[in-house]
Q: 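I am attaching a structure below and will ask some questions about it afterwards.
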Amino acid sequence: MHQPPGFVDFAHPDYVCRLRRYLYGLKQAPRAWFQRFAQFITGCGFRGSGCDPSLFVYHSGSDTAYLLLYVDDIVLIASNDALLERFIGLMKCEFAMTDLGALYQFKGITVTLSDSGLFLSQSSYAQDIIARASMANCNPVTTPVDTQPKLSTTSGPPLEDPTLYRSLDGDLQYLTFTRPDISYAVQQVCLFMHDPREIHMQAIKRNLRYLQGTLDHGLFLSASPITGLTAYSDADWAGCPDSRRSISGHCIFLGYNLISWSSKRQATVSRSSAEAEYRGVSNAVAEATWLRNLLLELHIPLRRSTVVYCDNTSAIYMSGDPVQHQRTKHVEIDIHFVRERVRIGEIHVLHVPSDSQYADIFTKGLPRVLFVRFRSSLNVCSSPVTTKRV
C-alpha cells in the first residue's frame, strides 16, 4: 500500500493511511490481493497460466509443481515432498497462512483418496439443499428429469414467492461441479428464474428427489494413463418450446476421466438439425482446444489428435468438406474454426451411434435404463468403499 497522490507526507514517506474498513469490503481488494500474491509466487519461479489466471506452474528439470488460487484458498501439488515443503515454507514466511495438510476438502467439495484414484463429492452440500427445501423425507426417483416435452415460460400459475426457487437454482448450479448427471435438469430450471411457475418448482423438486436417492454419488477420477482427449457432442434441435433454440451438450474425457461437460441453450436459432449439431461440435472443439493449451502449459503435451464424436452425419461432412454452400454461409465462422482444426490434424470428427452418444444426457430427458448406463460412463458413481489418507 502507498500514500495516495495529493496526500503524500514527505516527512514520513513510508507511512500509509489507516483504513477504517476491512480490505474485504473494498471492490478493488480481490484484484490488489491477486496482484500481490502473483508478484510473490512468480518471484519463487512459478509462471502464471495464460489459460487460467488462477493457475501457476513451476517447472525446472524433473521438478514440477502446480498452484491453484481461489481468493485466499490454495491448492498446491508438487512432484516430490521436498519441493512441496519448500514452497509451503516460502509462503509461510511471506503470508499468515495455515497448512491444512493433504487435500480433503476444497470449496465444499470433499476429496477422498483411494487406491485407484480420487473421488469428488458434495453429498453434505446436497443434503443441505434438500433440507432447505423441506424435503428431507421425500421419496427418491431414478432420473432427475422425465422424458416429457420441455418446460415453457407460460406453463401453469406463477409462484407467489420465487425467492426459494432462485436460491435452490443457484445451489444446484454449484452442485453440478461434481454431479454432471444433473446438468441438463439444472439448465432447464435455470431458464425460468425471471418468472418461475409452479410447474418449474415441481421440476426442481423432482431433481431434489433424484439427489435424495443418490446422495453418496460423486465424480470418480481414476489413476489412468493420459492417452488423449475424447469429446462427445450432441444437440436437441429446436428443443426450447418458447424460442425454438436448440439445446447443445458435450462432455470431454482425458483418458478415462471426465474433465469437462456442458449443457446449454444455443445463442441463435438453427435452421436445421445439421446446423444445430454443428454448432454443438464447434463448442466442443473450442473447449477441447482450450484444454489442449492448458495441458501444454502443465507440461503434458498431447501427441494424439482429439476425437470428437457426433451422431449427425451431415455435421461430420461439413467439418471436412472444403466446399462452401449458400445454405451454410451464416455459420461460416463455426465451420472455418472446426475445419481449420481438422486440417492441421488437431481434431478428428467421427460418427458415433445414438445409443453410445454420452452427450445425450446433457440435452434431453432419458429413460431410466439408458440414463443409468450413460451416468456410469461419465464416472458418476457411489463412494468407493476402501479409502486411505496420506
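Values in this document were obtained by computation on a predicted structure and should not be read as measured data.
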Q: How many angstroms lie between atom CG of Asn207 and atom OH of Tyr184, to the nearest 0.5 angstrom?
A: 12.0 Å
Q: Crowded around Ile77 CD1? As in, over 12 foreign heavy atoms under 6.0 Å?
A: no
Q: Near Arg36 CZ, under 6.0 Å, is it more than 12 heavy atoms from other residues, nucleotides or ligands?
A: yes
Q: With side chains defined as the heavy atoms from C-beta onward, is the minimum distance between Tyr278 and Val338 less than 4.5 Å?
A: yes
Q: Which atoms form the tightest heavy-atom contact between Ala38 and Thr42, and what is the distance?
A: O-OG1, 2.6 Å
Q: List the steps and the verdict of side chain to side chain contact (heavy atoms under 4.5 Å, CB included) for Asp52 and Glu297.
A: CA-CA 10 Å; Asp52 187 347; Glu297 290 187 334; over 6 Å; no
Q: Ser305 side chain to Gly345 main-chain N or O, any donor-acceptor pair under 3.5 Å?
A: yes
Q: Can you find a side-chain donor-acceptor pair between Ser270 and Arg244 that sits under 3.5 Å?
A: no
Q: Could you tell me whether Asp73 atom CG has more than 12 heavy atoms of other residues or ligands within 6.0 Å of it?
A: yes
Q: Give the intermediate values and the outcome of side-chain hydrogen bond (donor to acceptor under 3.5 Å, both in side chains) for residues Asp181 and Tyr210.
A: CA-CA 10 Å; Asp181 51 326; Tyr210 169 73; 2.5 Å; yes
Q: Report yes or no: does Arg341 contribute a side-chain atom to a donor-acceptor pair with the main-chain N or O of His348 at less than 3.5 Å?
A: no
Q: Is there a donor in the side chain of Thr143 and an acceptor in the side chain of Arg206, or the other way round, less than 3.5 Å apart?
A: yes
Q: Test your reading of the model: is there a side-chain donor-acceptor pair from Trp290 to the backbone of Cys51, 3.5 Å cut-off?
A: yes
Q: Checking the side chain of Thr176 only, and the main-chain atoms of Gln173 only, is there a donor and an acceptor separated by less than 3.5 Å?
A: yes
Q: Identify the heavy atoms of His351 and Tyr309 that sit nearest to each other, and give their distance.
A: O-CD2, 3.8 Å
Q: For a quick check under 3.5 Å, do Ser123 and Gln127 share a side-chain donor-acceptor pair by atom type?
A: no
Q: Does either side chain, that of Ser246 or that of Arg279, offer a donor lying less than 3.5 Å from an acceptor on the other one?
A: no
Q: If only atom types and distance count, is the side chain of Ser114 paired as donor or acceptor with the main-chain N or O of Gly117 below 3.5 Å?
A: yes
Q: Nearest 0.5 angstrom please: Ile199 CD1 to Leu151 CG, how far?
A: 5.5 Å
Q: Out of curiosity, Ser382 OG to Leu215 CG, how far, rounded to the nearest 0.5 Å?
A: 12.0 Å
Q: Distance-only, no hydrogens or angles: does the Thr363 side chain make a donor-acceptor pair with backbone N or O of Asp360 under 3.5 Å?
A: yes
Q: With side chain to side chain contact (heavy atoms under 4.5 Å, CB included) as the test, would you mind laying out the steps for Gln187 and Arg265 before giving the verdict?
A: CA-CA 8 Å; Gln187 180 268 337; Arg265 187 174 64 177; 3.9 Å; yes
Q: How about Thr64 and His59: does a side-chain donor come under 3.5 Å of a side-chain acceptor?
A: yes
Q: Taking Val285's backbone N and O only, do any of them form a donor-acceptor pair with Thr289's side chain (distance below 3.5 Å, no angle check)?
A: yes
Q: Within the structure provided, determine whether Ile347 and Val349 are in side-chain contact (heavy-atom separation under 4.5 Å).
A: yes
Q: Check whether Tyr104 reaches the backbone of Thr110 with its side chain - one donor and one acceptor, N or O, closer than 3.5 Å.
A: no
Q: Could you pull out the closest heavy-atom pair between Trp237 and Ala276, with the gap in Å?
A: CD1-CB, 3.9 Å
Q: Identify the heavy atoms of Glu277 and Ala315 that sit nearest to each other, and give their distance.
A: CB-CB, 4.0 Å
Q: Flag yes if more than 12 heavy atoms outside Lys205 fall under 6.0 Å of its NZ atom; otherwise flag no.
A: no
Q: Please find out if less than 6.0 Å separates the ring center of Tyr58 from that of Phe46.
A: yes
Q: For atom CG of Asn137, is the number of surrounding heavy atoms from other residues, nucleotides or ligands below 6.0 Å larger than 12?
A: no
Q: How many angstroms lie between CG in Leu175 and CG in Leu211, if you round to the nearest 0.5 Å?
A: 5.5 Å
Q: When you compare the side chain of Thr112 with that of Leu120, does any pair of heavy atoms fall below 4.5 Å?
A: no
Q: Roughly how far apart are Phe374 CZ and Gln357 CD, rounded to 0.5 Å?
A: 7.5 Å
Q: Determine, step by step, whether Arg339 and Ser319 satisfy the side-chain hydrogen bond (donor to acceptor under 3.5 Å, both in side chains) criterion, reporting the C-alpha distance in whole Å, the side-chain angles of both residues, the deciding distance to 0.1 Å, and the verdict.
A: CA-CA 5 Å; Arg339 282 180 183 169; Ser319 67; over 6 Å; no
Q: Are Arg179 and Thr214 close enough, and set up right, to give a side-chain hydrogen bond (donor to acceptor under 3.5 Å, both in side chains), and what steps lead you there?
A: CA-CA 10 Å; Arg179 296 296 301 270; Thr214 57; 2.9 Å; yes
Q: Any donor-acceptor pair under 3.5 Å linking the side-chain atoms of Asn257 with those of Ser222?
A: yes
Q: Run the salt bridge (Lys or Arg N to Asp or Glu O under 4.0 Å) check on Lys150 and Asp242 step by step: do they pass?
A: CA-CA 10 Å; Lys150 304 272 195 313; Asp242 299 311; over 6 Å; no
Q: Could you report the tightest heavy-atom contact between Tyr358 and Cys251, atom names first, then the distance?
A: CB-SG, 4.2 Å
Q: Can you find a heavy atom in the side chain of Leu76 that is under 4.5 Å from one in the side chain of Met91?
A: yes
Q: With distance as the sole test, does Gln3 use its side chain to make a donor-acceptor pair with the main-chain N or O of Tyr15 at under 3.5 Å?
A: yes
Q: Step by step, would you call Val281 with His250 a side chain to side chain contact (heavy atoms under 4.5 Å, CB included)?
A: CA-CA 8 Å; Val281 169; His250 67 256; over 6 Å; no
Q: Go through the side-chain N and O atoms of Ser383 and Asp216 and say whether any donor and acceptor fall under 3.5 Å apart.
A: no
Q: Of all residues at least two apart in sequence or in a different chain, which pass the ring-ring contact (aromatic ring centres under 6.0 Å, His included) check with Phe40?
A: Phe95
Q: How about Tyr125 and Tyr174: are their ring centres within less than 6.0 Å of each other?
A: yes
Q: Enter the distance from Cys240:SG to Ile247:CD1 here, rounded to the nearest 0.5 Å.
A: 6.0 Å
Q: Are the side chains of Ser282 and Phe337 in touch, meaning some heavy atoms are under 4.5 Å apart?
A: yes
Q: Name the orientation class of the two ring planes belonging to Tyr165 and His200 (parallel below 30°, tilted from 30 to 60°, perpendicular beyond 60°).
A: tilted
Q: Between Ser376 and Val372, is there a donor-acceptor pair closer than 3.5 Å when you use the side chain of the first and the backbone of the second?
A: no
Q: Any ion pair linking Lys364 and Asp234 (charged N to carboxylate O, less than 4.0 Å)?
A: yes
Q: With Glu287 as reference, evaluate Ser262, Ser233, Ser260 under the side-chain hydrogen bond (donor to acceptor under 3.5 Å, both in side chains) test and give the passing residue.
A: Ser260
Q: Could you please spell out the steps behind the side chain to side chain contact (heavy atoms under 4.5 Å, CB included) verdict for Leu69 and Phe34?
A: CA-CA 9 Å; Leu69 174 70; Phe34 180 80; 3.8 Å; yes
Q: Return the minimal non-hydrogen interatomic distance between Leu83 and Asn80, and the atom names on each side.
A: N-OD1, 2.7 Å
